[in-house]
Structure formats: structure tokens, C-alpha cells
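Keep in mind the model is a prediction, meaning the values are calculated, not measured.
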Amino acid sequence: GRVVAWGCDDDGQCSRAPSLADGETLTSVSAGGSHSLALTSTGRVVAWGFDGHGQCSRAPSLADGETFSSVSAGGHHSLALTS
């Protein structure tokens with residue numbers, strides 16, 4: 001589906017959801033203090049909003065064949081579970 005968000009948008013955490021690849025969909029979302037995360041149908045994590053602590057841009061590299069299976073956004077950090 002698509003992300004629908006509302007409320008404080010000072011850092012784009014509601015309005016700047018990234019584009020997806022053709023055929024890719026969002027399967028889950030998580031809202032942090034000033035950033036948002038989503039998990040895609042391909043096991044990819046997308047993030048947007050405030051990135052002052054790397055919570056959007058510093059996702060770790062995964063081993064070959066490993067994908068993300070769930071995500072959670074904290075105040076200034078992000079967590080993910082892999083498959």
C-alpha cells in the first residue's frame with residue numbers, strides 16, 4: 001500500500017516517503033520521533049525524515065541472501081530484524 005501520515009512534519013517525516021521500484025509495495029511502517037521507516041515487499045528498508053544521527057541513512061549491510069523482515073523506529077535510532 002501507500003503511506004498516509006499526518007501531524008508534525010518539521011523534518012519531512014510525514015511528507016517525504018521515498019519512491020518505490022516497479023512492483024514493490026510497503027508491507028509495514030514505523031514512526032520515530034522525527035523519522036519514519038517502512039519495510040518493502042522485497043525486504044528493503046526505506047527511511048525518511050530527520051537523519052541527524054544516521055537513523056535514516058546508515059542501515060547496515062546484509063549478508064548475501066539476507067533481507068529485512070521487520071523494522072522499528074526509535075527517537076534517534078532505528079532497528080530491524082533480518083530473515
Closest contact, heavy atoms only, Ala38 versus Val71
C-CG2, 4.3 Å
Just verifying a value: how many Å separate Arg58 CZ and Asp51 CG, rounded to the nearest 0.5 Å?
7.0 Å
Set of side chain to side chain donor-acceptor pair (under 3.5 Å) partners for Ser69, sequence neighbours left out
none
Are the side chain of Thr25 and the backbone of Ser41 linked by a donor-acceptor contact shorter than 3.5 Å?
no
Linking I/L/V/M/F/W/Y whenever their side-chain heavy atoms sit closer than 4.5 Å, directly or via other members, would Val46 and Val3 fall into one cluster?
yes
For the pair Thr27 (side chain) and Leu39 (backbone), establish whether a donor and an acceptor sit closer than 3.5 Å, ignoring hydrogens and angles.
yes
To the nearest 0.5 Å, what is the distance between CG on Leu26 and CZ on Arg44?
9.0 Å
Across all chains, not counting sequence neighbours, the side chain to side chain donor-acceptor pair (under 3.5 Å) partners of Ser30 are none
Nearest 0.5 angstrom please: Ser83 OG to Glu66 CD, how far?
6.5 Å
Indicate the atoms forming the closest heavy-atom contact of Ala73 with His35, along with that distance.
CB-NE2, 3.6 Å
Check: Cys14 main-chain N/O paired with Asp9 side-chain donor or acceptor under 3.5 Å
yes
Are Trp48 and Leu37 connected, step by step, through hydrophobic side chains (Ile, Leu, Val, Met, Phe, Trp, Tyr) whose heavy atoms are closer than 4.5 Å?
no
Glu24 vs Thr42, test: side chain to side chain donor-acceptor pair (under 3.5 Å). Steps then yes/no.
CA-CA 7 Å; Glu24 193 175 37; Thr42 62; 2.7 Å; yes
For His53, ring pair (Phe, Tyr, Trp, His ring centres under 6.0 Å) partners two or more places apart:
His76
Do Leu20 and Val29 belong to the same hydrophobic cluster, where Ile, Leu, Val, Met, Phe, Trp and Tyr are linked whenever their side-chain heavy atoms lie under 4.5 Å apart, directly or via other members?
yes
Is a side-chain N or O of Ser36 found less than 3.5 angstrom from the main chain of Gln13, in a donor-acceptor match?
yes
